[in-house]
Chemist: 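Below is one structure. I have some questions about it.
Remember, predicted model here, so these are calculated numbers, not experimental data.
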Amino acid sequence: MIAKLTGVGKEYQVGDQTIVALKPVDLEIHEGQLVLIIGPSGSGKTTLLSLLGCVIYPSYGQLYVNDLFVNELSQKQLASLRLNTIGFVFQSFNLIAPLNAMDNVLMPLQLKGISNNTAKKMAEDALNLVGMLDRKKSLPKQLSGGQQQRVAIARALVTDPKLILCDEPTASLDASSISTVMNELVALAKQGKAVCVVTHDPRLISYADRVIKVDGGQATEIAKEGLTNTFSVH
């Protein structure tokens, strides 16, 4: 088990109004599984992902990631946890435009202070894993959307994180690229990673081991069987 939420919720105070972004949820995330977090826009699914990613603190409940009690960690400790345990894959790829694919993947390793020769080998291995080693000198603008997303996955993988969090990783992709990216994420889960994918797209259900539906700030695990063709979001 890489993450455990017990009664975890998130609220925001806006003036004299309390906005409930996520109602109390009990959830365990295990290595070796791809968990789909699905729901409409504004449902609270990205809030749940942000809590798992140690980007925000819970308002209440107990959150453990990699056996650390997140509620009591300092910002510096949270940053270290994110760098060493969690890989992020974003909808907009978040590749740095002036840097080629290789240099984008190298960035987390440089932040960790890993020597240049070792970092280069690790970055090449990560790019090779997603089939992008031959494009390591290409700038983001020279790559298709699917290729950029695969470089983003390589960057998330390069530090060998236990937990990989993906926020709408297929939203900007065509059908062929969606299949490629999701099959790579499935393969990572089979290799022992915990992979969480936030989406509004029910077509991704077929790739998941588990499905968490989030709606109106309420997160509920639902049985996957029979959902692929019938599940819908508002």
Side-chain angles (χ1 to χ4, degrees), residues 2-3 29 31 34 46 49-57 65-66 68 70 73-173 177 180-189 191-199:
I2 184 63
I29 302 295
E31 294 174 76
L34 191 152
T46 298
L49 197 76
S50 297
L51 287 163
L52 288 169
C54 302
V55 176
I56 57 177
Y57 292 101
V65 175
N66 202 29
L68 295 174
V70 171
L73 297 182
S74 67
Q75 286 289 343
K76 185 176 181 180
Q77 290 170 320
L78 281 185
S80 176
L81 180 58
R82 290 193 299 268
L83 181 61
N84 293 294
T85 305
I86 304 168
F88 293 90
V89 180
F90 302 96
Q91 174 181 349
S92 55
F93 317 135
N94 283 16
L95 299 180
I96 298 174
L99 301 183
N100 63 30
M102 181 72 170
D103 288 337
N104 266 284
V105 177
L106 279 169
M107 283 199 67
L109 301 176
Q110 293 167 338
L111 288 171
K112 293 187 72 171
I114 294 174
S115 67
N116 288 337
N117 288 340
T118 300
K120 182 178 178 182
K121 175 65 166 61
M122 292 171 69
E124 287 180 342
D125 287 346
L127 284 166
N128 187 52
L129 190 65
V130 298
M132 289 298 292
L133 185 57
D134 61 332
R135 302 301 302 271
K136 67 180 183 180
K137 293 184 178 179
S138 299
L139 296 172
K141 66 181 180 182
Q142 298 170 318
L143 302 173
S144 69
Q147 290 172 328
Q148 289 184 54
Q149 191 62 289
R150 287 156 72 187
V151 172
I153 291 172
R155 183 180 58 188
L157 284 177
V158 75
T159 57
D160 194 27
K162 294 181 179 180
L163 176 61
I164 298 172
L165 303 177
C166 309
D167 191 4
E168 299 280 6
T170 61
S172 305
L173 307 183
S177 295
T180 298
V181 167
M182 289 306 300
N183 282 326
E184 285 167 357
L185 293 175
V186 167
L188 291 173
Q191 292 166 21
K193 305 291 185 187
V195 182
C196 293
V197 177
V198 157
T199 187

Chemist: Please determine which of Asn117, Thr118, Asp125 meets the side-chain hydrogen bond (donor to acceptor under 3.5 Å, both in side chains) test together with Lys121.
Modeler: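 Passing option: Asp125.
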Chemist: Is atom NZ of Lys112 surrounded by more than 12 heavy atoms (other residues, nucleotides or ligands) closer than 6.0 Å?
Modeler: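 Buried by this count: over 12 neighbours within 6.0 Å.
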Chemist: Would you call Arg155 and Leu95 a side-chain contact if the rule is heavy atoms closer than 4.5 Å?
Modeler: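 SC-SC contact between Arg155 and Leu95 confirmed.
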Chemist: Locate the shortest heavy-atom distance separating Ala101 from Arg135; write the atom from each residue and the value.
Modeler: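 The pair with the smallest heavy-atom distance is CB-O, 3.6 Å.
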Chemist: Would you mind checking if Glu31 and Lys162 are paired as a salt bridge, meaning a charged N to carboxylate O distance below 4.0 Å?
Modeler: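 Glu31 and Lys162: not salt-bridged.
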Chemist: Could you tell me whether Asn116 atom CG has more than 12 heavy atoms of other residues or ligands within 6.0 Å of it?
Modeler: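 Result for CG/Asn116: open.
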Chemist: For a side-chain contact (heavy atoms from CB on, under 4.5 Å) check, start with the C-alpha distance between Val151 and Val105, then their side-chain angles and the critical distance, and finish with the verdict.
Modeler: CA-CA 7 Å; Val151 172; Val105 177; 4.0 Å; yes
Chemist: Could you tell me if the side chain of Phe88 sits less than 4.5 Å from the side chain of Asn94, heavy atoms only?
Modeler: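 They are not in contact (no side-chain heavy atoms under 4.5 Å apart), so the answer is no.
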Chemist: Evaluate the side-chain proximity of Leu99 to Leu106: yes if any heavy-atom separation is below 4.5 Å, no if none is.
Modeler: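 The answer is no, as the side chains (C-beta and beyond) never meet within the 4.5 Å cut-off.
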Chemist: Output the distance between atom CG (Leu139) and atom CD1 (Ile96), rounded to the nearest 0.5 Å.
Modeler: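 If I round to the nearest 0.5 Å, the distance is 12.5 Å.
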Chemist: If I take atom SG from residue Cys196 and atom CD1 from residue Ile29, how far apart are they, to the nearest 0.5 angstrom?
Modeler: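 Answer rounded to 0.5 Å: 4.0 Å.
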Chemist: Go through the steps to decide whether Ile153 and Leu188 satisfy the test side-chain contact (heavy atoms from CB on, under 4.5 Å), and finish with yes or no.
Modeler: CA-CA 10 Å; Ile153 291 172; Leu188 291 173; 4.1 Å; yes
Chemist: To the nearest 0.5 Å, what is the distance between CZ on Arg150 and CG on Leu157?
Modeler: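 The CG atom of Leu157 is 12.5 Å from CZ of Arg150, to the nearest 0.5 Å.
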Chemist: Any idea which heavy atoms bring Ser177 and Gly146 closest together, and the distance?
Modeler: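 Closest heavy-atom pair between Ser177 and Gly146: OG-CA, 3.7 Å.
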Chemist: Is there a side-chain contact between Lys193 and Asp160 (heavy atoms, below 4.5 Å)?
Modeler: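 Yes - at least one pair of side-chain heavy atoms lies under 4.5 Å apart.
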Chemist: Which pair of non-hydrogen atoms, one from Pro108 and one from Thr159, has the smallest distance, and what is that distance?
Modeler: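 Minimum heavy-atom contact is CB-CG2, 3.7 Å.
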Chemist: Can you tell me how far the SG atom of Cys54 sits from the CD atom of Gln77, to the nearest 0.5 Å?
Modeler: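 Cys54 SG to Gln77 CD: 11.0 Å, rounded to 0.5 Å.
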Chemist: Calculate, to the nearest 0.5 Å, the distance between atoms CG and OG belonging to Leu165 and Ser50 respectively.
Modeler: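 Here the interatomic distance stands at 9.0 Å.
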Chemist: If I compare all heavy atoms of Thr170 with all of Gln149, which pair ends up nearest, and what's the gap?
Modeler: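 Closest approach of Thr170 to Gln149: N-NE2, 4.5 Å.
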Chemist: Which atom pair, heavy atoms only, marks the closest approach of Ser74 to Tyr57?
Modeler: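 Of all heavy-atom pairs spanning Ser74 and Tyr57, the closest is C-OH, 3.5 Å.
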Chemist: As a quick check of understanding, evaluate side-chain contact (heavy atoms from CB on, under 4.5 Å) for Lys120 and Met102, giving each step before the final call.
Modeler: CA-CA 8 Å; Lys120 182 178 178 182; Met102 181 72 170; 3.3 Å; yes
Chemist: Can you tell me how far CD1 of Ile86 sits from CG of Leu52, rounded to the nearest 0.5 angstrom?
Modeler: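 So the CG of Leu52 and the CD1 of Ile86 are separated by 8.0 Å.
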Chemist: Should Thr85 and Ile2 count as side-chain neighbours, where that means a heavy-atom distance under 4.5 Å?
Modeler: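 Heavy-atom side-chain distance check passes, below 4.5 Å.
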Chemist: Would you name the heavy atoms of Asn104 and Pro140 that are closest together and state the gap between them?
Modeler: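 Scanning both residues completely, I find the closest heavy atoms to be ND2-CG, 4.1 Å.
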